[in-house]
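Order of the sequence lines sets the chain letters (A, B, ...), proteins ahead of strands, with each chain counted from 1.
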Protein chains: 2
Amino acid sequence: MSDAQPYIARRPKRADGARNYDAILSAARKAFETQGADASLEEIAGQAGVAIGTLYRHFPTRASLVEATTREGLAELISRAEALAGTEDPLAALDEWMRRAVRHISTFRGLVGILTRSMYDEGTPSHAACSAMHSSGAHLLRAAQEAGRVREDLTADELFDLLSGAAWVRENALADRDGSPRFVQMVLEGIVTRPAAG
Amino acid sequence: MSDAQPYIARRPKRADGARNYDAILSAARKAFETQGADASLEEIAGQAGVAIGTLYRHFPTRASLVEATTREGLAELISRAEALAGTEDPLAALDEWMRRAVRHISTFRGLVGILTRSMYDEGTPSHAACSAMHSSGAHLLRAAQEAGRVREDLTADELFDLLSGAAWVRENALADRDGSPRFVQMVLEGIVTRPAAG
DNA sequence: CAGTTAACCTGAGGCAACCTCAGGTAGTCA
DNA sequence: TGACTACCTGAGGTTGCCTCAGGTTAACTG
């Protein structure tokens, strides 16, 4: 029942508007990376040298600001998936893509939560990107399954559960220990088909 | 550098104090379950029929309130681990315990985050419980490894990464789809030692 | 270059939640 | 019954959210 249209912020044409848009985006990136997705918007506006109303003009929603800061990263991830889709070893492709995905999805604390919600909720700024990511991931998964390298009963939704679990662990990792690479490794070894003989 | 002593709320002795303590705890449980760990403390106080200052008297910190609401559950989980430690099949024991742990750790949205932080931060109300949980989990893991059922290179910290990833997925699951059972299944199949011949 | 338009900016202010503290209340014990 | 003190209350300072009425200015037009 969400008739709220997803608001995708676009860089405005007027010079001052574009300048402020960029400044806010840059301040937001910094703030999200150091304080997480719930960083103070008023402080972001302040850092950008802009009044709070201006921030809300360009990004009416916290989610829309998050979307804008992660747009390029997700686009890159998706195009990467397309490149990997043509590779000769579909399991290696899936492996590499999963590691990249985990990294992108956990750029800052709180991102995984926003993105997983976006994945299944259409009234959300990041929905389009998440949906595209879902498709490209599903495509790589299917290829690996068709090559007989990954167990048949794993669905794409389940794969994304595993990915977001790994990403969450990375997001919340202590400074000196990121468990996500091993996490992904374990997951991968759990989903590959086993050779009939060791 | 956290010299803040962990504050463990204890049920006060005076009749009115004990009554309010229980009322707050009960209201908090309800609120956390429906709204997550960031439910409004003022609303919890209101539901308990108590002024906000009274809530803060008994639970000076949101974390201390969370600790109190989850204390019994965690204690039960730990005693369950001790019972399972004597079992003849250490892999089955680990399996069952992991599923239980995931369920307990994700009683409400936001809990996993609080508990994983507690696990490595001593200045935290839940640290003792988390630490004990870590030990009992590590014990079950080691038993399964010594029986040759689980890969040797998996550390306890890594096991808890996997567990908390699964719990996070469960916490944030849509109403109609809890992916955590399959998550745990995949994880388990990733960490068991493979029979030399299928 | 002056005039017009609308995109843009500002920041006060209402709202909600957090947390503290000075002052009042009432269980408990002797 | 009186004294002690654990306990309770709720106003109020603080921060962050978000809106909106009113002012500013970039950009276009003749």
Side-chain angles (χ1 to χ4, degrees), chain A residues 4-28 30-32 34-68 108-110 113-114 123-125, chain B residues 4-5 7-28 30-32 34-68 108-110 113-114 123 125:
Chain A
Q5 291 301 327
Y7 184 99
I8 308 293
R10 353 173 99 266
R11 195 161 180 280
K13 295 189 197 88
R14 236 178 76 167
D16 54 349
R19 211 167 29 231
N20 286 337
Y21 179 98
D22 291 343
I24 293 167
L25 212 50
S26 151
K30 210 167 296 175
F32 288 158
T34 58
Q35 281 140 259
D38 53 354
S40 160
L41 298 181
E42 299 202 310
E43 201 183 306
I44 290 175
Q47 287 294 326
V50 140
I52 183 64
T54 301
L55 185 148
Y56 276 99
R57 172 175 187 78
H58 292 301
F59 307 99
T61 273
R62 169 172 243 111
S64 73
L65 182 53
V66 168
E67 189 275 339
F108 47 81
R109 194 169 38 76
I114 293 172
T124 277
Chain B
Q5 291 301 327
Y7 183 99
I8 308 294
R10 355 173 97 266
R11 195 162 181 281
K13 295 190 198 89
R14 234 177 76 169
D16 53 348
R19 209 164 33 229
N20 287 336
Y21 178 99
D22 291 343
I24 294 167
L25 213 49
S26 151
K30 209 166 299 175
F32 288 159
T34 58
Q35 281 139 257
D38 53 353
S40 160
L41 297 181
E42 299 202 307
E43 200 183 307
I44 290 175
Q47 286 294 325
V50 142
I52 184 64
T54 301
L55 185 147
Y56 277 99
R57 173 173 185 77
H58 292 301
F59 306 99
T61 273
R62 168 171 244 110
S64 73
L65 183 51
V66 167
E67 188 275 341
F108 47 80
R109 195 168 36 77
I114 293 172

Can you name the salt bridge (charged side-chain N to carboxylate O under 4.0 Å, His left out) partners of B/R19, sequence neighbours left out?
->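 Per chain and number, B/R19 pairs via salt bridge (charged side-chain N to carboxylate O under 4.0 Å, His left out) with no residue.
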Where along residues 54-65 of chain B does a heavy atom fall under 4.0 Å from DNA chain D?
->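 The stretch gives B/T54, B/R57, B/H58 as the residues lying under 4.0 Å from the strand, ordered by number.
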Could you check which residues of residues 35-53 of chain B get a heavy atom under 4.0 Å from DNA chain D? Sort them by number, please.
->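 B/V50, B/A51, B/I52, B/G53 - these, ordered by number, are the residues of the stretch whose heavy atoms sit under 4.0 Å from the strand.
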In degrees rounded to 10°, what angle is found between the helical axes fit to the five outermost pairs at each end of the helix from C/dC1-D/dG30 to C/dA30-D/dT1?
->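 End-to-end axis angle for the helix from C/dC1-D/dG30 to C/dA30-D/dT1: 10°, rounded to 10°.
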Of the non-hydrogen atoms in A/P6 and A/T124, which two are nearest, and what is the gap between them?
->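 Heavy atoms of A/P6 and A/T124 come nearest at CB-O, 3.3 Å.
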Please set out all donor-acceptor pairs under 3.5 angstrom arising from side-chain atoms of residues 51-64 of chain A, sequence neighbours excluded.
from	atom 1	to	atom 2	distance (Å)
A/R62	NE	A/A37	O	2.8
A/R62	NH2	A/D38	O	3.4
A/R62	NH2	A/A39	O	2.0
A/S64	OG	A/T61	N	3.4
A/S64	OG	A/T61	O	2.7

Spacing of B/Y21 atom OH relative to D/dC8 atom C1', expressed in whole Å =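 In whole Å, D/dC8 C1' lies 17 Å from B/Y21 OH.
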Would you kindly give the CG-to-P distance between B/N20 and D/dA6, to the nearest whole Å?
->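 Computing the B/N20:CG to D/dA6:P distance gives 16 Å.
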Do B/I8 and B/P125 touch side chain to side chain, with heavy atoms closer than 4.5 Å?
->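 They are in side-chain contact.
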Pairs: protein N or O with nucleotides 27-30 of chain C N or O, under 3.5 Å:
from	atom 1	to	atom 2	distance (Å)
C/dT28	OP1	B/A15	N	2.9

Can you name the side chain to side chain contact (heavy atoms under 4.5 Å, CB included) partners of A/S40, sequence neighbours left out?
->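 In terms of side chain to side chain contact (heavy atoms under 4.5 Å, CB included), with neighbours along the sequence ignored, A/S40 is linked to A/E42, A/E43.
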Who are the side chain to side chain contact (heavy atoms under 4.5 Å, CB included) partners of B/R11, not counting sequence neighbours?
->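 If we apply the side chain to side chain contact (heavy atoms under 4.5 Å, CB included) test to B/R11, skipping adjacent residues, the hits are B/A18, B/Y21, B/D22.
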Roughly how far, to the nearest 0.5 Å, is CG of A/L25 from NZ of A/K30?
->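 One finds 11.5 Å between NZ of A/K30 and CG of A/L25.
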